[in-house]
K.L.:
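Next up is a structure, given as structure tokens.
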Amino acid sequence: MNRPRALQLTAALIAAGLVVLGIVWWQAGASPESAVRSGTKQAVPAVPGPGSQSALYFPAASGMLELEMRTAPADLEPSARKQWLAEQLVAGPESKGLRPALPAGTQVASVFTTSDGRIFVDFTIPESTGVGMGSAEELLALYSIVNTLLLGDEDARSTVLLINGRQRETFAGHFDTSRPLVPRPDLIREPG
Amino acid sequence: MQRIASSSGGILHAVPTRVRALSGFLILLAISPLEAANPAAEDHSLEVLESGQAVIHLGTRSRPLPYSRSLGGPMFALQPLVGLLGGELVIGPMQKKHELRIGDAAFLFGPGAITVTEGREIKMLSQAPVAGDGGLHVPLDLLESLYGNLLGYEFAWHPGERTLEVERRPLRELPVTVDVVRLQGVTTLVFEFPVRPRYRLDKSAHAIEIEMLGDRLQPASQRLSSTGALVRDIVMTSQSIRIELAPQTVAQDYVLENPFRIVFDVLRDRSGGGPIARTQRPPARTRRRGVRTVIIDPGHGGSDPGARGGGMVEKQLTLELAKQLEARLKQALNLRVVLTRATDTNISLDSRSALANQYKGDLFISLHINASPNSSARGAETYFSSFEASDTAAMRAAAADNQSAGDPLFDLQLMLWDLAQSRYLGQSQSFAGLVQAELNEALGLRNRGVKQASFRVLLGVAMPAVLVELGFLSNPSEQKRLRDSQYRGDLVDSLVRAVSRYKAQIEGSPAMQPAFSSR
């Protein structure tokens with residue numbers, strides 16, 4: 001190898017080394033602020049995550065409440081999660097043999113939770129609809145709501161049911177709904 | 001006149017001085033039968049089978065104690081006991097009248113007499129005292145009346161060893177909470193205790209006193225003055241609760257268990273009668289004992305259709321059945337019948353309960369037809385209300401939840417519920433059983449049984465009350481039967497028979513034949 005060619009090769013290697021060092025410096029030597037910005041950008045997933053499994057209880061042809069699992073969005077705050085559960089109840093069951101707990105046309109007006117674990121859920125039911133249930137149906141409808149909102153949540157203690165913005169003496173002409181309701185797991189049919 | 005006295009007075013100051021003031025005249029009246037010593041008077045003494053010496057153990061002390069035994073059990077010489085336990089025994093001429101004074105209380109009894117008298121109260125004894133070695137021998141229950149309630153002594157007889165163990169119960173300090181509910185012209189006072197206290201009620205003109213017997217109250221002193229127009233004052237000390245009533249009022253008292261409560265309903269006396277006589281419970285109920293007015297509640301109505309099935313609607317069926325039942329009860333049993341609704345109209349559940357109370361019903365029947373997501377569900381169910389409902393755990397948790405949250409409205413509702421329907425739970429259950437039996441036997445319906453649940457319409461009803469589910473509109477075969485007027489007539493007849501049998505139970509009169517005995 002002649003001398004000028006050797007110098008050119010050495011200069012190229014040095015230049016390549018400098019480029020690599022520059023890249024490494026760029027990556028390693030960035031400021032914390034820029035790292036946060038970078039991280040934030042990278043934390044937003046292009047596709048939502050897997051979410052979490054939530055239990056809903058619907059009246060069933062067995063004459064009891066039966067379980068239907070649904071995937072809730074993963075990033076829901078607790079209060080938003082209760083709202084989502086109530087909306088799922090209103091949307092009705094997807095499984096065969098299960099019945100809606102609430103009459104057609106029902107909407108969720110609001111759901112909020114007090115610091116002592118009492119969940120207020122307000123359903124809007126068109127006055128003209130009329131709930132129209134037998135007592136066995138009403139019992140399942142009530143505890144479809146109560147069990148779904150409370151079971152599995154250690155912080156939730158009771159549900160106050162509001163219809164069209166106010167608490168009523170009864171939901172469908174039988175049971176007392178003027179007091180907060182607590183879960184009735186005994187109304188749930190064991191799987192299998 | 002012989003006197004045997006003891007210096008050990010115990011907590012005698014617990015007895016109010018008013019008893020002493022009252023006692024003179026009443027004692028004289030009560031003594032007279034014993035003083036008369038009429039040889040022809042009935043002697044309730046039982047034959048003495050055995051007599052001898054027993055031993056009494058009181059703390060570290062032991063003493064011989066003459067005793068005797070009859071078929072009614074052991075009896076013990078009273079005089080040595082008075083020396084040990086306290087009090088003053090005054091024995092009348094011919095050893096007939098015995099008066100034991102413990103503080104301000106005076107008890108009268110005697111040989112051959114089966115009763116003991118204290119003030120206005122007369123109690124039956126298990127057996128009459130008899131004359132024996134060492135003076136009058138008295139049964140254990142008399143000792144408990146004399147010394148147990150007032151001084152807190154407990155007695156245990158060991159026949160094998162012939163020993164009478166006597167112990168003094170520790171003094172209990174009991175917290176008491178007071179609730180005052182004023183509703184529809186009635187002031188209800190509720191005194192709640194963690195356990196049943198030893199107490200005695202003393203009722204006089206315009207005042208009631210709960211005297212603690214061997215227990216003390218916490219807080220030691222309290223006064224409630226803002227109790228409305230019917231109750232002037234409530235004064236609590238460590239030994240008594242004194243309730244001052246307004247003039248022209250009457251008070252009915254009763255107790256509720258779990259937790260233990262002494263309850264007074266105070267209302268205006270519209271009869272003009274004297275307050276002492278009128279404080280005996282329950283004058284209003286006594287006047288209308290029996291079944292004269294039946295309230296029929298056709299379920300749902302107006303915009304609330306209830307269950308639907310096979311083209312039928314529950315609100316229409318219940319109204320039709322209610323009208324038939326009204327006619328049959330009037331015709332067969334000559335009863336006054338009131339319907340909570342006679343047309344297809346909205347009436348709130350609380351208004352139905354209030355209407356039933358306003359008409360002073362003796363029986364409340366709410367008629368319903370059921371529906372279930374399970375189309376094979378069938379049969380009749382009869383419900384009565386109870387705080388100890390089938391959903392006990394849920395109810396208890398709800399109660400605890402609300403109490404901790406301090407929900408005054410809920411507390412009030414619980415209170416009203418307790419005070420209204422829970423007083424009639426036994427009668428409601430009894431009537432529910434009759435209804436269910438008639439429906440099962442007469443109609444061959446599947447027996448779904450008598451149940452309890454928190455039906456709102458039963459909550460505030462102050463009379464025996466049931467809710468009947470007369471079948472399932474969601475079941476095709478029961479739809480068909482309910483469409484049949486003959487079948488509906490049979491349903492009504494079953495209810496009429498149940499009312500008739502319940503009426504007979506209450507009034508002791510002949511009833512219609514039950515369906516199953518005619519088969």
Side-chain angles (χ1 to χ4, degrees), chain A residues 58-66 93 97-101 114-118 125-144 146-147 150 156-160 167-187 189, chain B residues 299-309 313-315 346 348-351 353 366 368-377 381 383 385 390-391 393-402 404-407 409-410 413-414 417 448 453-460 467 469 471-474:
Chain A
F58 286 102
S62 60
M64 298 192 74
L65 295 173
E66 291 186 16
L98 302 187
R99 311 283 171 83
T114 61
S115 57
D116 63 351
R118 188 172 292 182
I125 300 177
E127 294 287 357
S128 58
T129 302
V131 175
M133 291 179 178
S135 67
E137 292 171 323
E138 183 184 1
L139 188 71
L140 293 181
L142 283 178
Y143 288 95
S144 165
V146 175
N147 286 356
L150 298 182
R157 295 167 56 202
S158 61
T159 299
V160 177
Q167 200 174 4
R168 300 197 174 189
E169 60 180 17
T170 186
F171 177 57
H174 306 97
F175 297 103
D176 181 22
T177 55
S178 65
R179 60 191 168 86
L181 301 170
V182 294
R184 287 278 308 267
D186 59 299
L187 295 175
R189 187 184 182 209
Chain B
H300 308 281
S303 64
D304 173 12
R308 298 185 183 95
V313 183
E314 183 183 359
K315 66 174 183 177
N346 275 319
S348 76
L349 299 181
D350 288 353
S351 298
S353 311
S366 186
H368 286 255
I369 314 287
N370 214 338
S372 167
N374 179 0
S375 61
S376 62
E381 295 166 315
Y383 287 89
S385 191
S390 305
D391 53 344
M395 291 289 283
R396 280 187 181 153
D401 181 29
N402 283 281
S404 65
D407 184 336
L409 180 61
F410 183 71
Q413 286 171 344
L414 269 187
W417 190 84
R448 296 178 65 91
S454 57
F455 281 101
R456 177 78 188 198
V457 77
L458 301 180
L459 213 66
L467 185 147
E469 294 280 7
F472 280 81
L473 271 177
S474 49

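Naming: A, B, ... by sequence-line order, numbering from 1 per chain.
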K.L.:
Just so I understand: if I count every heavy-atom pair under 4.5 Å between each of B:Gly302, B:Ser474, B:Gly306, B:Ser372 and chain A, which residue has the most?
P.N.:
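When all of B:Gly302, B:Ser474, B:Gly306, B:Ser372 are compared, B:Gly306 has the most.
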K.L.:
If you measure from CG on B:Asp304 to OG1 on A:Thr170, what distance do you get to the nearest 0.5 Å?
P.N.:
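The distance works out to 8.0 Å.
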K.L.:
Is it the case that the side chains of A:Arg179 and B:Ser454 hold a donor-acceptor pair, with the cut-off being a distance below 3.5 Å and no angle test?
P.N.:
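Judged by distance alone, the side chains do pair up.
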K.L.:
Using the ring of each side chain (for Trp, its six-membered ring), is A:His174 parallel, tilted or perpendicular to B:His368, with breaks at 30° and 60°?
P.N.:
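Geometry flag for B:His368 against A:His174: tilted rings.
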K.L.:
Given heavy-atom pairs under 4.5 angstrom as the criterion, report whether the side chain, backbone, both or neither of A:Ser135 touches chain B.
P.N.:
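Backbone plus side chain of A:Ser135, per the 4.5 Å heavy-atom cut-off to chain B.
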K.L.:
For the CG atom of B:Leu349 and the OG atom of A:Ser178, what is their distance to the nearest 0.5 Å?
P.N.:
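The CG atom of B:Leu349 sits 10.5 Å away from the OG atom of A:Ser178.
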K.L.:
Please classify the contact between A:Leu139 and chain B as side chain, backbone, both or neither, with a heavy-atom cut-off of under 4.5 Å.
P.N.:
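Interface part for A:Leu139: neither.
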K.L.:
If you define the side chain from C-beta out and look only at heavy atoms, does anything of A:Leu140 sit under 4.5 Å from B:Pro373?
P.N.:
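In contact.
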K.L.:
For the CD atom of A:Glu137 and the CG atom of B:Asn370, what is their distance to the nearest 0.5 Å?
P.N.:
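Rounded to the nearest 0.5 Å, the CD-CG separation comes out at 7.5 Å.
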K.L.:
What part of A:Ala60 is in contact with chain B, defined as an atom under 4.5 angstrom from a non-hydrogen atom: side chain, backbone, both or neither?
P.N.:
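The backbone, not the side chain.
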K.L.:
Measure B:Ser348 against the heavy atoms of chain A and call it side chain, backbone, both or neither at under 4.5 Å.
P.N.:
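Both backbone and side chain.
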K.L.:
Do any N or O atoms from the side chain of B:Glu314 and from the backbone of A:Gly134 form a donor-acceptor pair under 3.5 angstrom?
P.N.:
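Answer holds: no.
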K.L.:
Between B:Ala371, B:Ala307, B:Ser366, which residue shows the highest count of heavy-atom pairs closer than 4.5 Å to chain A?
P.N.:
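Heavy-atom pair counts peak at B:Ala371.
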